[in-house]
Amino acid sequence: MNTKKLKLTGLLLAVGLIAIIAGAACSGGDPQELDIEVSIDHGLMNPETIEVIQGDMVTLKILANEGGEFHLHTYDIEMDIEAGSETDFFFVAEATGRFKITYHPQGESEHNEEEKEGEEEHDQQDEAGEIEVGFLEVQPR
Amino acid sequence: MSILKILLPAAAAAGSLVAWPAYAHGFGERTELPVPLGFFLIGAGLAVALSFVFISVLVKVSGEAGYWRLNLIGTRWSRIALTSSVTLLPVKLLSVFLLGLVVAAGFGGDSSSILNFSPTFVWIIWWVGMSITVALVGNIWALLNPWKIVFGWAEGVYRLARPGQNLSLGLEYPAKFGIWPALVLFGLFTWIQDAYPKTDVPTQIAIMVVVYSVITLGGMLVFGRHQWLRKGEAFTVVFGLLTRFSVTEVRVNDQGSCQVCSADCRDLDAECIDCYECFQRSGDREINLRPFAIGLGRNEPVTKDVLALVVLMLATVTFDGFSATSAWAEFQTWVVDLFGLGGGEVFNSLVLADTLGIVLVPVGFFLVYLFFAKLMAGSVDGQIGAVEMARIFSFSLIPIALAYNIAHFITLLLIQGQLIIPLASDPFGTGWDLFGTVDYSLNISIINARILWFLSVALIVLGHVLAVYLAHRVAVRMFANRALVLKSQYPMLTLMVVYTVISLWIIAQPIVQ
């Protein structure tokens with residue numbers, strides 16, 4: 001074996017690994033309390049991607065033009081939103097990742113909804129009416 | 001891939017917004033963050049640099065067949081633990097039970113994919129979990145394959161009832177069919193995973209399992225158990241390829257049993273490795289620990305059908321990731337704009353777009369590979385043709401695909417895979433709590449994004465290095481002349497760098513599903 005070249009290989013590997021670990025170790029400061037305004041208008045969310053950093057204490061202030069259910073996937077958070085009035089929602093962004101947000105508008109009038117509520121639980125229609133509106137991105141700290 | 005480069009700008013230009021339906025590939029949501037640019041660049045740089053350093057170091061490496069091995073069934077106790085029916089029977093019973101449960105829950109359980117055992121078990125635990133285990137640890141599919149077990153039992157019972165007769169019709173399997181039946185079935189499976197829109201519907205899964213069971217048991221009945229497993233059972237064939245990477249092998253030393261084997265199982269070095277039929281019969285056998293990836297560098301002929309399957313696997317692994325990027329979403333938009341949103345639930349333009357991907361990506365991959373194989377053939381003055389080059393070096397590309405596959409699926413397995421804990425207690429979604437785990441809530445911060453980035457890039461670079469090593473080992477065996485070995489490796493190296501960088505690029509893309 002050519003020891004000189006082996007050493008070179010080792011060196012290259014080491015430099016690369018150190019570079020990656022150095023990148024991995026750098027921290028993004030202390031967790032923050034964040035208020036984020038989110039609007040949902042005709043199936044479009046603004047901002048399209050909610051960006052926070054791991055550990056942040058986030059309050060989503062959700063304003064929708066149409067009543068419905070706001071669903072943050074995997075975190076598995078569901079919120080009933082009333083049309084036109086702001087709904088606040090607090091959570092701590094502990095898990096890193098890119099999580100899908102869907103919205104299930106409920107176009108029907110109020111008492112119609114109540115009638116349906118009982119049978120709705122395990123039905124497919126939950127999934128059928130959902131619109132993907134954006135993502136929550138939690139970057140590592 | 002090349003055709004996409006032309007189509008994508010057009011797609012971007014078309015650029016209208018479509019509200020995408022909830023549309024899972026296979027089943028389960030990916031939540032990983034894209035790998036940041038810095039990680040991508042370091043990974044790509046390392047892959048290139050290490051390739052060239054390695055290739056010069058590796059010049060000294062011999063292509064001899066021998067490698068380090070440790071026999072795990074060398075002692076009496078370990079032999080009993082690993083091969084006696086007392087330990088194996090419960091595992092086999094469980095495997096057959098799980099197959100039954102998938103079908104029963106699929107037909108009889110809750111219709112929601114989250115509340116039913118089958119989607120999570122089939123797509124995440126079995127498909128993702130089994131392929132990673134088989135590729136790293138060893139071929140547990142050869143032990144757990146429920147169809148193989150059931151048919152084996154049926155054969156035993158039949159022999160008791162009618163001594164001297166076989167359950168199987170034992171028809172001669174036409175040699176020219178090769179492993180094409182397995183390839184076609186695996187192609188269909190891939191289509192279902194990446195294009196079929198109802199993969200997460202429990203009843204659909206149950207139907208697929210039943211249909212596949214009929215095909216598999218029927219194949220065994222007609223051609224004999226081992227013949228069909230070897231040629232027609234898609235997962236035995238696919239896992240059989242993947243497991244060459246793993247740290248274990250089964251080996252038969254007394255080659256008497258190979259003479260009655262239904263296949264010509266010995267490789268060109270006359271070794272009988274990973275032939276489970278011989279292993280079952282033989283008295284002088286080993287289960288060995290061995291170095292990673294070494295099983296991909298054996299001296300064996302790679303036939304056309306095997307080459308086709310390897311290409312299909314390599315391409316579809318990449319496509320599974322690529323189809324979740326925004327580049328692909330733009331292509332889908334373009335196809336939808338072209339053909340309209342109409343069509344049925346299954347036959348619509350979105351499915352058409354993904355179907356095109358599943359067909360065109362492997363074809364494109366093959367053409368690119370063939371181009372590089374042609375360069376290799378040219379570099380050794382045409383001693384070996386391009387197709388032959390493509391054949392003998394195909395296995396050496398597998399570590400790259402495997403490393404990418406693990407990086408691509410590990411989050412899904414670790415996070416969505418946890419769903420199996422509550423589902424085990426209530427497989428039908430009817431309110432049972434068999435093991436008291438029904439209220440288990442997923443630990444979604446089980447793996448930190450930064451660790452995941454590090455792991456993904458490190459794995460892919462490592463896979464790349466192993467691929468370079470394997471290709472070199474094969475080249476040393478093929479060419480007597482050191483100069484030819486080196487010359488033949490430059491095109492291969494370039495191809496591997498391209499493939500690795502594409503893999504890294506995909507994990508640096510945000511997932512848009």
Side-chain angles (χ1 to χ4, degrees), chain A residues 1-13 15-28 42-44 49 51 54-55 71 73-76 92-100 102-103 121-124 126-141, chain B residues 17 19-23 28-34 36 38-39 41-43 45-47 49-50 52-61 110-115 200-201 411 415-416 429 441-455 457-458 461-462 465 510-513:
Chain A
M1 274 282 182
N2 188 331
T3 47
K4 208 171 155 191
K5 275 174 181 156
L6 264 184
K7 271 183 194 158
L8 186 59
T9 314
L11 193 71
L12 265 174
L13 258 180
V15 169
L17 292 184
I18 288 168
I20 295 179
I21 291 168
C26 72
S27 84
H42 296 97
L44 293 174
T49 304
E51 290 175 39
Q54 190 178 12
H71 183 191
H73 288 229
T74 309
Y75 267 81
D76 234 7
V92 181
E94 269 163 12
T96 53
R98 184 176 157 91
F99 305 97
K100 193 156 80 180
T102 51
Y103 196 67
E121 274 186 346
H122 289 174
D123 253 340
Q124 286 281 316
D126 251 31
E127 283 157 39
E130 87 178 7
I131 302 174
E132 194 181 310
V133 290
F135 289 92
L136 165 74
E137 258 189 32
V138 184
Q139 294 286 340
R141 187 164 290 279
Chain B
L17 256 168
W20 297 108
Y23 194 56
E29 266 178 55
R30 306 254 161 75
T31 55
E32 56 266 40
L33 284 168
F39 281 77
L41 290 177
I42 289 171
L46 267 181
L50 285 176
F52 284 92
V53 175
F54 248 69
I55 203 79
S56 46
V57 174
L58 283 171
V59 169
K60 311 280 183 217
V61 173
D110 198 290
S111 63
S112 149
S113 56
I114 304 286
L115 297 174
D200 59 340
V201 179
T411 318
I415 293 179
Q416 305 285 324
S441 60
L442 308 193
N443 174 4
I444 59 172
S445 41
I446 195 168
I447 185 160
N448 181 284
R450 211 177 281 280
I451 294 169
L452 184 74
W453 292 336
F454 171 70
L455 195 74
V457 173
V461 171
L462 194 67
V465 168
I511 288 165
V512 294
Q513 291 217 41

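Reckoned from all heavy atoms, side chains included, excluding hydrogens, waters and symmetry mates. None of the values given here were measured: they were computed from a predicted structure.
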TODO: Kindly compute the distance separating NZ (A:Lys100) from CZ (B:Arg30), expressed to the nearest 0.5 Å.
DONE: 11.0 Å

TODO: Work out which heavy atom in A:Glu132 is nearest to a heavy atom in B:Val512; give both atom names and the distance.
DONE: OE2-O, 3.8 Å

Open item on the list: Taking side chain as everything from C-beta outward and backbone as N, CA, C, O, which of these in A:Val133 sits under 4.5 Å from a heavy atom of chain B? Side chain, backbone, both or neither.
Closed with: neither

Open item on the list: Please classify the contact between B:Leu442 and chain A as side chain, backbone, both or neither, with a heavy-atom cut-off of under 4.5 Å.
Closed with: neither

Taking the side chain as every heavy atom from C-beta outward, state whether [X] and [Y] have any atom pair closer than 4.5 Å.
{"X": "A:Phe135", "Y": "B:Pro510", "value": "no"}
{"X": "B:Leu452", "Y": "A:Pro140", "value": "no"}
{"X": "B:Glu32", "Y": "A:Thr96", "value": "no"}

Open item on the list: A:Gln139: which residues meet the side chain to side chain donor-acceptor pair (under 3.5 Å) condition with it, sequence neighbours left out?
Closed with: A:Glu137

- [ ] May I have the step-by-step check of side-chain contact (heavy atoms from CB on, under 4.5 Å) for B:Thr31 and A:His73, ending in yes or no?
- [x] CA-CA 9 Å; B:Thr31 55; A:His73 288 229; over 6 Å; no

TODO: Could you tell me which residues satisfy ring pair (Phe, Tyr, Trp, His ring centres under 6.0 Å) with A:Phe99, sequence neighbours excluded, listed by chain and number?
DONE: A:Tyr75

Open item on the list: Closer than 3.5 angstrom, by distance alone: can the side chain of A:Arg98 be matched with the main-chain N or O of B:Ile511 as a donor-acceptor pair?
Closed with: yes

